[in-house]
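Written below as structure tokens is the structure these notes are about.
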Protein chains: 2
Amino acid sequence: MVRMTDVADAAGVSAMTVSNVINGRPGVGAETRLRVLRTISRLGYQVNHAARHLRAGRTGAVGLIVPDIDRPYYAQLASRLAKGVEKSGLHLVVERTGGDAERELEAISFGRLRMYDGVVISPLRVAAADLDQLRFETPVVFIGERPVPATFDHVMMDNVGGARQATEHLLRTGSRRVAIIGGRHDDHVDDMPSLRTRGYRQAHAELGVDVDEQLVVEVESFDPGSAFQVVKQLHETGVGFDGVFALTDAAAMGVLRALADLGVAVPRDVQVIGFDNGNETEFLVPRLSSVEPGNDTMADRVLELLQRRVGASGDENETPDALTTVVTARLELRETTR
Amino acid sequence: MVRMTDVADAAGVSAMTVSNVINGRPGVGAETRLRVLRTISRLGYQVNHAARHLRAGRTGAVGLIVPDIDRPYYAQLASRLAKGVEKSGLHLVVERTGGDAERELEAISFGRLRMYDGVVISPLRVAAADLDQLRFETPVVFIGERPVPATFDHVMMDNVGGARQATEHLLRTGSRRVAIIGGRHDDHVDDMPSLRTRGYRQAHAELGVDVDEQLVVEVESFDPGSAFQVVKQLHETGVGFDGVFALTDAAAMGVLRALADLGVAVPRDVQVIGFDNGNETEFLVPRLSSVEPGNDTMADRVLELLQRRVGASGDENETPDALTTVVTARLELRETTR
DNA sequence: GTGAAAGCGCTAACAG
DNA sequence: CTGTTAGCGCTTTCAC
């Protein structure tokens, strides 16, 4: 373990000068700088981030905390954000909570935040009330649909509007019995499934079509497997449907697979729309129509909000007001709709 | 900012006692412990990880460094590893390099390693020679096909064997002209495309079938889009083929999409096999046959190797020898093969 | 242009 | 069972 003082001794300068060289601060003579740099590489010195962090406060990292890394939506979000923060010379590190309320809260509250100069968190379960207690100096941007105290920056997608557009399209193009995979029967909380179901119901109300609660199908998880099973069951039960709104593209993938097994022609007999407009949609057979929630815009907005606070010390009116942004959704029609 | 000493003062104990309570160390009276805990929650105290890290050396985190987060293979690997390390009370953080040799080296060498108690790295580009220079106290496990100095733990998949099995199956079930999407014409380096191409050639040699170099199709990237384009071009060029070995499942997805557009029946006219056996394979239409590289076994092995070193201080014969494990691959046949 | 002193918040080691 | 001392490796401040 070679420390900064070792470099300083070997180069015949003080630790401070080494520090100045490393951090590119002005006020070091060209000759001294060169000597220090050579000594650094000769000794193989590497800065100790923990010490720097302890003393200077910054870590050079932005955290992204998501329920699950291997869901395409989060993976693609991570990728977008990573490219963005890297432009600022920071790097993104991703952590997963497993979608567990307790672990989400732990990830946010219990000091792990301090590992980062800024944090983006996409909570699934955690309640606004719990969040309200928290006070931290690390800039935090929330992303997603869960309600969040107004003291935090928040970037939301238009879940209700997106779902309404999708359902409207299905109804206007001739589907009368639209199943919603992952929908909710009740509407107590503002989580993703409830909000998207709300949009589904709004579309029905606007167009004067009754919702058959048998078509509102709850699933435990939004992976293809769960959706696949549920569609098969729906079919076996004899509940007819001629359109499907799947709450995520991943679920829609399972839907398409089930319909293919059942010998149902898409979109002729049943139309399908997903949500998220992930990279995979264009390569499914048939290509999946999907709600584009404004993924790029959301990522850009998150980065802006982060930049506004990272670097700005917690002084005076330096701290800007919290902002909530809602990004508008639009339909991306492909081959699973008419 | 409330520090440990603030808690200690408020509870009328010393900082050491607070530290003992927080870390669940024995030797604190029940009453004192309760008083400390109450004070902690009253003041909203949170441990400062940077300070703990600086002093105690451990960070509580394991790093996973991959080329890209949004490739399903890495996302699924991350998920598997995350669940594993969480069992040991650690948590996984994922960083991406973008598949850039320089950034890979930087991620490994430049002190960022110290952020973690252990690191798993899946390099794409970085050369063994560069790695050889490095000496670190953080336990590192390499994963993937790139050659790595023997001083490091390394878990490899059997790229050559898996590719050979896939190609053999295609040839034995009647395909005579098997295209390899993402293959290499030369065989200078031991990277993933070259190794899998080697297996492809071995299978041909064994079964006495000549390789038509026109069927060895290079791609810039292993995403569905690139594979899609390349297959369309292959078809337009009039180069006939009745089998496809795609170097990754993601590429295979693009292949299937292209074949569907071209009106080619799978597997009747063209058989297809992918590689990685990702979660998505079962939900494609038709279901994708794929090489299962032993994903679970690899993750388990990585975790074992990590555990062997994390916690073991760098003393004497405490440090175990480096181990290289090769996990065997097998075929998972589904609907894209006969 | 360079250096000395002090301390960030925590914990290992030992004393009581 | 609890407290004291010392110091992890860096950077901020101010003096030279």
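Residue numbering restarts at 1 for every chain, and letters A, B, ... go by the order of the sequence lines. The structure displayed is predicted, hence computed values, not measured ones.
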Show every donor-acceptor pair shorter than 3.5 Å between a side-chain atom in residues 15-30 of chain B and any protein atom, with sequence neighbours excluded, or say none if there are none.
from, atom 1, to, atom 2, distance (Å)
B:Ser19, OG, B:Arg25, NH2, 2.7
B:Asn20, OD1, B:Arg25, NE, 2.8
B:Asn20, ND2, B:Met16, O, 3.3
B:Asn23, OD1, B:Arg52, NH2, 3.3
B:Asn23, ND2, B:Ser19, O, 2.8

Quick one: list whatever passes side-chain hydrogen bond (donor to acceptor under 3.5 Å, both in side chains) with [X], sequence neighbours left out.
{"X": "B:Thr32", "result": "none"}
{"X": "A:Asp9", "result": "none"}
{"X": "B:Thr59", "result": "B:Asp117"}

What are the 5'-most and 3'-most nucleotides of DNA chain C lying under 4.0 Å from any heavy atom of chain A? C:dG1 to C:dG9
For residues 72-87 of chain B, pull every pair meeting salt bridge (Lys or Arg N to Asp or Glu O under 4.0 Å), keeping only residues two or more places apart or in separate chains.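 Salt bridge (Lys or Arg N to Asp or Glu O under 4.0 Å) check on residues 72-87 of chain B returns A:Arg96-B:Glu86, A:Arg103-B:Glu86, B:Arg80-B:Asp296.
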Which residue pairs pass the salt bridge (Lys or Arg N to Asp or Glu O under 4.0 Å) test when at least one of the two sits in residues 297-307 of chain B, sequence neighbours left out?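 Counting only pairs at least two positions apart or across chains, the salt bridge (Lys or Arg N to Asp or Glu O under 4.0 Å) contacts touching residues 297-307 of chain B are B:Arg301-B:Glu304.
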Heavy-atom closest pair, residues A:Val7 and A:Val2: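 The answer is CG2-CG2, 4.3 Å.
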Where do B:Asn48 and B:Tyr45 come nearest, in terms of heavy atoms and distance?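 Heavy atoms of B:Asn48 and B:Tyr45 come nearest at N-OH, 4.3 Å.
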B/S/- contact track for nucleotides 6-16 of chain D, protein heavy atom under 4.0 Å: BBBBBBB----
So, B:His49 side chain and A:Ala50 main chain: donor-acceptor pair closer than 3.5 Å or not?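 Side chain of B:His49 to backbone of A:Ala50, a donor-acceptor pair under 3.5 Å: no, none is there.
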What does the inter-axis angle of the helix from C:dG1-D:dC16 to C:dG16-D:dC1 come out as, five pairs per end, nearest 10 degrees?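 The end axes of the helix from C:dG1-D:dC16 to C:dG16-D:dC1 are about 30° apart, to the nearest 10°.
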Can you measure from CD1 (A:Ile40) to CD (A:Gln46) and round to the nearest 0.5 angstrom? 11.0 Å
Expected list for residues 62-74 of chain B: side-chain donor-acceptor pairs under 3.5 angstrom, two or more places apart:
none

Which residues pass the side-chain contact (heavy atoms from CB on, under 4.5 Å) test with B:Ser221, not counting sequence neighbours?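 Once residues adjacent in sequence are excluded, the partners of B:Ser221 under the side-chain contact (heavy atoms from CB on, under 4.5 Å) criterion are B:Asp223, B:Ser226.
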Interface residues of residues 28-38 of chain B with DNA chain D (non-hydrogen, below 4.0 angstrom):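 B:Val28, B:Gly29, B:Thr32, in order of number.
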